[in-house]
Amino acid sequence: MLIKKPSDIRPSEITSQENYLNRRDFIRAGAIAGGALLAPGAFGALIPEARRAKLDGVTESPFSTTETPNSYDDITTYNNFYEFGTGKNDPVVNARDFKPRPWTITVEGEAEKTGTFEFDDFMKPFDLEERIYRMRCVEAWSMVIPWVGISLADVIKHVQPTSRAKYVAFETLNDPERMPGVRRRVLEWPYREGLTIEEATNPLPILAVGLYGEVLPNQNGAPMRLVVPWKYGFKGIKSIVKIHFSERRPKTSWNMSQPSEYGFYANVNPEVDHPRWSQARERRIGASLFASKQPTLMFNGYGEQVADLYKGLNLTRNF
Ligand SMILES: Nc1nc2c(c(=O)[nH]1)N[C@H]1C(S)=C(S)[C@@H](COP(=O)(O)O)O[C@H]1N2
Ligand SMILES: [Mo]
């Protein structure tokens with residue numbers, strides 16, 4: 001079993017959830033007593049700025065995998081983030097001095113609560129959860145990552161898409177001053193990604209703001225990036241500045257760049273090969289050099305949660 005169902009949650013996890021809730025009640029009571037001492041919004045997610053700062057009030061998610069996470073070092077030194085260079089070891093070096101503040105998130109298109117929000121204000125209504133998810137890159141390697149994030153479905157519910165919203169699109173910051181990689185046209189900037197509204201409101205996707213209980217490192221997409229665990233890693237767009245709701249399918253970066261190799265859906269599927277290599281097996285980063293590749297699971301092992309989204313869809317044609 002790879003994913004815990006709510007019925008499998010260990011008592012220790014329930015206890016920690018209860019402690020957390022008690023703690024929140026406590027903070028609430030203190031806030032009433034202490035009045036103006038607490039900033040407005042102190043009940044919601046507060047993301048500190050400092051590098052590697054601890055995140056407060058994080059609950060454990062029942063959606064986590066029970067697999068052992070990769071090391072902090074693996075997760076933060078072997079990255080894809082073309083805005084900071086195309087080599088796996090480039091982002092950790094080139095994003096070191098990137099400042100993910102001040103930061104705004106623009107919500108636009110087919111939704112009721114559109115506008116441009118300071119990052120802190122954007123985060124306030126939501127709860128922070130740790131979710132340990134498997135990530136499978138299209139390059140046939142994988143990692144297990146203890147993200148901290150907010151539920152994308154919660155965000156979408158909050159901004160109230162109109163009935164015309166069939167897709168949600170995301171864009172990364174496009175700033176050649178702060179991101180040396182965008183001075184080269186290796187992709188058409190800004191980096192773009194998108195999901196159907198059904199995919200985006202599934203309980204699994206998160207907007208991650210942390211890693212190993214700490215603030216998200218720049219090279220992993222600070223201050224906020226998408227994580228969609230049943231899709232190839234390139235759907236997990238980093239350093240998001242825009243969320244757009246639309247009736248029509250949005251353009252996505254890798255599909256624009258090489259449409260025959262990268263589709264819109266990008267669901268992890270061991271049966272549909274990349275045109276230049278097999279997708280049947282994966283190499284777990286950090287495993288012994290002598291370890292053999294492991295078989296890749298349909299939907300990265302999240303089929304029980306997401307297979308219904310694609311009923312009747314030809315997954316070979318819609319790759
Ligand atoms: N803006 C942006 N987001 C991006 C990328 C990128 O180059 N630019 N690379 C993607 C790819 S291919 C992968 S595998 C994951 C890697 O995430 P990680 O470095 O946090 O492991 O980020 C995705 N998000
Ligand atoms: Mo990737």
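Counting convention: from 1, in listed order, for ligands and their atoms alike.
A cation-pi arrangement is not found for R136 relative to Y232, the charged atom failing to lie both closer than 6.0 Å to the ring centre and inside a 45° cone about the ring normal.
Which parts of ligand 1 touch I237 is read off a 4.0 Å heavy-atom cut-off, strictly below it: atoms 3 (N), 24 (N). Numbered from 1 in the order shown, with element, the atoms of ligand 1 that lie under 4.0 Å from a heavy atom of T172 read 1 (N). With ligand atoms numbered from 1 in the order given, ligand 1 contributes 18 (P), 20 (O) to contacts under 4.0 Å with heavy atoms of N220.
Taken from CE in M224 to CD1 in I237, the straight-line distance is 10.0 Å, to the nearest 0.5 Å.
At the shortest separation from atom 7 (O) of ligand 1 among protein heavy atoms lies Y82 N, 2.8 Å. Among protein heavy atoms, atom 15 (C) of ligand 1 sits closest to G233 O, 3.6 Å. Scanning the protein heavy atoms around atom 9 (N) of ligand 1, the nearest turns out to be N80 O, 3.2 Å. In terms of protein heavy-atom proximity, atom 8 (N) of ligand 1 is nearest to E83 OE1, 2.8 Å.
A salt bridge links E199 with K231; the closest basic N to acidic carboxylate O contact falls under 4.0 Å. Classification of E282 and K293 as a salt-bridged pair fails, no side-chain N sitting under 4.0 Å from a carboxylate O.
Note: an N/O pair closer than 3.5 Å links G236 and ligand 1 by distance alone. For ligand 1, the polar-atom distance check finds an N/O of N79 within less than 3.5 Å of one of the ligand's N/O atoms. Here's the thing with W147: none of its N/O atoms is less than 3.5 angstrom from an N/O atom of ligand 1.
The heavy atom nearest to atom 19 (O) of ligand 1, considering only K235, R225, K238, R192, is found in K238. When F170, W189, Y191 are checked for heavy-atom proximity to atom 10 (C) of ligand 1, Y191 turns out nearest.
Aromatic ring centres of Y78 and W141 lie closer together than 6.0 Å. The aromatic ring centres of Y82 and Y191 sit 6.0 Å or more apart. The six-membered or imidazole ring of F122 lies away from that of F119, with a centre-to-centre distance of 6.0 Å or more. In this structure, H274 has its ring center under 6.0 Å from that of Y262.
Residue contacts with ligand 1 for M135 involve side-chain atoms from C-beta outward but no N, CA, C or O (heavy atoms, distance under 4.0 Å).
Listed for the R225 side chain is no donor-acceptor partner under 3.5 Å among the backbone atoms of I240.
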